[in-house]
Structures are given as structure tokens and as C-alpha cells.
Amino acid sequence: MIDQNNFSRLNQYRSMWVLVFFDLPTETRTERKVAARFRKNLLDDGFGMFQFSIYMRFCASRENSSVHIKRTKNNLPKKGKVCIMQITDKQFGMMELFHGQKEVEPDTPSQQLELF
């Protein structure tokens, strides 16, 4: 019999997340077109936007992640910086995310009535 907790734990170390960080030039029309094509290729390959220049994709195994890394490398633009990183699902799960909120003025208290 397979212990579900052990299987789950092992699976978290086997499955991978591939993150692609990039900073591409967009000063000319051609550069913008190349950057847009790179983004489109990532989206077509199943990546989703994490932040503006960070895309990520879940892969069930290290072998699967290497396929997507190879595809990304084949589509690298000539200019700019691109970083590809892979981490385990367990490491990804330990990430702490913070979402900032706009500062909101506190509500002015409504007029209180006193009853005698």
C-alpha cells in the first residue's frame, strides 16, 4: 500500500516550476515586435504571466521542464536579458507573496445621536 503523505511529499520534489525572467529592449518598433513575439511564444507554450516580465509554467517532472526550457532557449531574442530558473513545487510552495493595497482614507465617523 502506498502512503499518500509520502507519495505527495515525493511528488512535490519531482514536479517543477519553470520561471522565465526577461528584460527586453522596446525602444524601436522592431524591438517591440521581437519582445511581443517572445511573450507570445511563452504564452503559446503554456506559460502564464506572474509579473510583467516574469512568466511561469508548472511541469509534472524534471524531464517535462527540460522540454519547455529547450523551447524557450530556441526562441531567445538576440538583444536583452533572459533568465530561466526551475524550482521544485515544494520550493514554489514556500514562496511568500505580498499584494500591496492602496492606502484608503479612514471613514469619517457618522454623527452619533445621544438618547437620554
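Side chains included, hydrogens not; waters and symmetry mates left out as well; all remaining heavy atoms used.
Atom CD of residue Gln91 and atom CD of residue Gln86 lie 10.0 Å apart, to the nearest 0.5 angstrom. Note that CZ of Phe22 and OG1 of Thr72 are 10.5 Å apart. Values are rounded to the nearest 0.5 Å. To the nearest 0.5 Å, atoms CD1 (Ile87) and CE (Met16) are separated by 8.0 Å. Here the straight-line distance linking atom NZ of Lys90 with atom CH2 of Trp17 works out to 15.0 Å at 0.5 Å rounding. Considering CD1 of Ile69 and CG of Asn74, their distance stands at 12.0 Å, rounded to 0.5 Å. Note: Leu19 CG to Cys83 SG = 9.0 Å, rounded to the nearest 0.5 Å.
Residues Val82 and Asp23 have side chains not in contact (no heavy-atom distance under 4.5 Å, counting atoms from C-beta outward). Looking at Phe50 and Leu97, their side chains come closer than 4.5 Å, going by heavy atoms from C-beta outward. Within the 4.5 Å cutoff, the side chain of Phe58 has heavy atoms near those of the Asp89 side chain. A 4.5 Å side-chain heavy-atom check between Ser15 and Thr88 finds every atom pair outside the cut-off.
In the hydrophobic clustering of this structure, Phe21 does not group with Phe52; members are Ile, Leu, Val, Met, Phe, Trp, Tyr whose side-chain heavy atoms approach within less than 4.5 Å, directly or through other members. Under a hydrophobic clustering in which Ile, Leu, Val, Met, Phe, Trp and Tyr are joined whenever their side-chain heavy atoms come within less than 4.5 Å, directly or via other members, Val67 and Val18 fall into different clusters. Taking hydrophobic clusters as Ile, Leu, Val, Met, Phe, Trp and Tyr residues chained together by side-chain heavy-atom distances below 4.5 Å, Met49 shares a cluster with Ile84.
Here the shortest heavy-atom pairing between Gly80 and Leu24 reads CA-CD2, 4.0 Å. Contact between Ser65 and Cys59 at its shortest, heavy atoms only, is CA-SG, 3.6 Å.
For residues 74-85, the salt bridge (Lys or Arg N to Asp or Glu O under 4.0 Å) pairs, not counting sequence neighbours, are Glu31-Lys79. Within the structure, every pair that satisfies the salt bridge (Lys or Arg N to Asp or Glu O under 4.0 Å) test and touches residues 48-70, not counting sequence neighbours, is listed here: Arg14-Glu63.
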Donor-acceptor contacts, no H, no angles, side chain residues 33-48, under 3.5 Å, sequence neighbours left out:
residue, atom, partner, partner atom, Å
Arg39, NE, Tyr55, OH, 2.5
Arg39, NH2, Tyr55, OH, 2.9
Lys40, NZ, Asp44, OD2, 2.9
Asn41, ND2, Arg37, O, 3.3
Asp45, OD1, His68, ND1, 3.0
Asp45, OD1, Arg71, NH1, 2.6
Asp45, OD2, His68, ND1, 3.0

